[in-house]
Amino acid sequence: MKLAVFASGNGSNFEAVMEAVNRGDIQGEVKLLVCDKPNAYAMERAKGHGVPAFLFQPKDFVTKEAYEFAILDKLQNYNVELIILAGYMRLIGPTLLNAFEHKIINIHPSLLPSFPGLDAIGQAFDAKVRVSGVTVHFVDAGMDTGPIIDQEAIRIEDGDTREDVQRKIQQVEHRLYPKTIQRVIEKIGSVKH
Ligand code: GAR
């Protein structure tokens with residue numbers, strides 16, 4: 001299956017996906033990385049893996065529709081079948097949603113529907129919850145609202161710092177996302193046949 005990864009930042013989840021692809025744990029090829037931030041370290045990681053990386057900045061387009069059409073054109077050039085959001089910090093608009101219906105998945109660092117939106121780890125930490133976690137879900141027009149595919153919890157112990165919580169969450173993410181992506185690939189594959 002031909003995959004595109006979208007990222008805005010560090011790209012540790014992109015890295016985990018690449019490692020799983022290289023191990024054969026994800027039966028797919030990452031054809032390209034789409035990035036909206038010029039300084040995102042994810043761009044460097046893509047180069048390291050020989051994956052074409054494309055920068056699309058909304059400020060270079062008149063409308064969000066034009067921005068997404070440019071991305072869509074690139075995805076079609078590479079025959080992408082599934083989009084993997086990995087720390088891509090933008091809402092997906094109708095242009096991409098309609099072209100990739102039920103073919104866009106996202107990872108979010110909380111147990112949705114708790115703590116959607118920005119800085120979910122900080123939100124959970126500030127709320128002093130004792131359990132948080134990671135959600136993988138299909139993307140719809142809302143903010144972190146699409147159908148949930150899988151979740152895994154972490155415990156927040158007395159004395160844990162925000163950084164401790166972040167480390168626990170990211171450890172789960174790097175294991176859960178590849179596993180869930182492979183499950184989605186298998187499901188899409190079996191629907192096709
Ligand atoms: C991850 O924790 C991901 O769950 C989160 O951004 C981080 C990206 O890290 N995504 C969201 O908050 C989406 N709403 P990474 O760049 O190291 O993969």
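Since this is a predicted model, take the numbers as computed values, not measurements. Note that ligands are numbered from 1 as they come in the structure, with each ligand's atoms numbered from 1 the same way.
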How far is [atom] from its nearest protein heavy atom, and which residue and atom name does that atom have?
| atom | value |
| --- | --- |
| atom 16 (O) of ligand 1 | G11 N, 2.7 Å |
| atom 9 (O) of ligand 1 | Q170 NE2, 3.4 Å |
| atom 14 (N) of ligand 1 | H108 ND1, 3.1 Å |
| atom 3 (C) of ligand 1 | E173 OE2, 3.4 Å |
| atom 10 (N) of ligand 1 | I107 O, 3.6 Å |
| atom 12 (O) of ligand 1 | P109 CD, 3.4 Å |
| atom 17 (O) of ligand 1 | S12 OG, 2.6 Å |

| task | Check whether any N or O atom of N106, backbone or side chain, sits under 3.5 Å from an N or O atom of ligand 1, and answer yes or no. | result |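 Checking ligand 1 against N106, no N or O pair falls under 3.5 Å apart.
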
| If you measure every N/O of M89 against every N/O of ligand 1, is any gap under 3.5 Å? | no

| message | Just to verify, which of L72, D36, L96 counts as forming a side-chain contact (heavy atoms from CB on, under 4.5 Å) with Y67? | response |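 Only match with Y67 under side-chain contact (heavy atoms from CB on, under 4.5 Å): D36.
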
| Side chain proximity check, M1 to I188, heavy atoms < 4.5 angstrom |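 Yes, side chains in contact.
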
| Results of ring pair (Phe, Tyr, Trp, His ring centres under 6.0 Å) for F6 - residues two or more places apart only |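 Checked F6 against ring pair (Phe, Tyr, Trp, His ring centres under 6.0 Å); matches are Y88.
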
| request: May I ask you to list the atoms of ligand 1 that are less than 4.0 angstrom from any heavy atom of N10? | output: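 What qualifies from ligand 1 is 16 (O), 17 (O).
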
| said: At less than 4.0 angstrom from any non-hydrogen atom of G87, what atoms of ligand 1 do you find? | reply: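 Contacts of ligand 1 toward G87, numbered from 1: 6 (O), 8 (C), 10 (N).
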
| field | ligand 1 contact by A120, heavy-atom criterion under 4.0 angstrom | value | no

| query | Does the cation-pi check pass for K31 over Y78, that is, NZ or CZ under 6.0 Å from the six-membered ring centre and within 45° of its axis? | reply | no

| task | In plain terms, say whether R175 and E152 are close enough for a salt bridge, that is, a side-chain N and a carboxylate O under 4.0 Å apart. | result | yes

| message | Evaluate V136 against Y177 for side chain to side chain contact (heavy atoms under 4.5 Å, CB included), listing each step before the verdict. | response | CA-CA 7 Å; V136 180; Y177 210 13; 3.7 Å; yes

| Sub-3.5 Å donor-acceptor pair from the side chain of N98 to the main-chain atoms of P94, do we have one? | yes

| task | Apply side-chain hydrogen bond (donor to acceptor under 3.5 Å, both in side chains) to Q27 and list each qualifying residue two or more places apart in sequence or on a separate chain. | result | Q182

